[in-house]
Amino acid sequence: MRNPMTETQFLLALQKTKKSYKWQLRGKKIRGVARNGNDRGELFDPITAVSRYTGNGTYEVTQRGRRRAGKSTGLSTTLTNTVVNAADASYNHGGSQVLRGRIRQVLEV
């Protein structure tokens, strides 16, 4: 089994997706619209976008889809949950809020 992806590695991979997705805030949720490929115009969140970008599969933006995308990308369950909470602004404190700031900074949203 390969080593799990760290938060920093995830943010670097996410930064590389900026040309492939039009990133925006939809309400409080961070979402990207695919600019190319068969999924052009489809909506993605940070985890599903990194999974698609790195060739690990295309997943729906659902709890199940994001868990599968996280696993295929090599994210730990904990980091997957933190990224989901950060992307959706589920909590207004702690680690997910810090990560949300970093995601927004990386994507310039």
Using every non-hydrogen atom in the two residues, find where [X] and [Y] come nearest and quote the distance to one decimal.
| X | Y | answer |
| --- | --- | --- |
| L14 | V106 | C-CG1, 4.3 Å |
| T80 | G70 | OG1-CA, 3.7 Å |
| A34 | R52 | CB-NH1, 3.7 Å |
| G57 | S51 | O-OG, 3.0 Å |
| V50 | A13 | CG1-CB, 4.0 Å |

In Å, rounded to the nearest 0.5 Å, how long is the span from [atom1] of [X] to [atom2] of [Y]?
| X | Y | atom1 | atom2 | result |
| --- | --- | --- | --- | --- |
| T82 | L99 | OG1 | CG | 7.0 Å |
| Q15 | E108 | CD | CD | 8.0 Å |
| K19 | N36 | NZ | CG | 12.0 Å |
| T77 | R67 | OG1 | CZ | 9.0 Å |
| F44 | T17 | CZ | OG1 | 11.0 Å |
| S90 | K29 | OG | NZ | 7.5 Å |

Exercise for the section: Answer yes or no: is there a side-chain heavy-atom contact under 4.5 Å between Q24 and V33? Expected result: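 They are in side-chain contact.
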Single-linkage hydrophobic cluster, 4.5 Å side-chain cutoff, [X] and [Y] together:
| X | Y | value |
| --- | --- | --- |
| I103 | Y91 | no |
| V84 | Y53 | no |
| L79 | L12 | no |
| L43 | Y59 | no |

Exercise for the section: Check the angle between the aromatic planes of W23 and Y21 and answer parallel, tilted or perpendicular using the 30° and 60° thresholds. Expected result: tilted
Handout entry: More than 12 heavy atoms from other groups under 6.0 Å of CD on Q9
Key = yes
Problem - Over 12 foreign heavy atoms within 6.0 Å of NZ, K16 - result: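 Atom NZ in K16 is not packed in, count stays at 12 or less.
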Exercise for the section: For N92 and Q97, run side-chain contact (heavy atoms from CB on, under 4.5 Å): C-alpha distance rounded to whole Å, both residues' side-chain angles, the deciding distance at 0.1 Å, then the answer. Expected result: CA-CA 6 Å; N92 201 19; Q97 194 64 14; 3.8 Å; yes
Handout entry: Short N-O contact, D88 and R100, less than 4.0 angstrom
Key = no
Practice task
Begin with the C-alpha distance, continue with both residues' side-chain angles, and end with the deciding distance and a verdict on side-chain contact (heavy atoms from CB on, under 4.5 Å) for I47 and R68.
Solution key: CA-CA 10 Å; I47 294 177; R68 288 178 174 171; over 6 Å; no
Problem - Short side-chain donor-acceptor distance under 3.5 Å, T78 and N81 - result: no
Exercise for the section: Please confirm whether the backbone N or O of V61 pairs with a side-chain atom of R66, one donor and one acceptor, at under 3.5 Å? Expected result: no
Completion exercise
Checking L25, D45, V83 against I30 for side chain to side chain contact (heavy atoms under 4.5 Å, CB included), the one that qualifies is L25
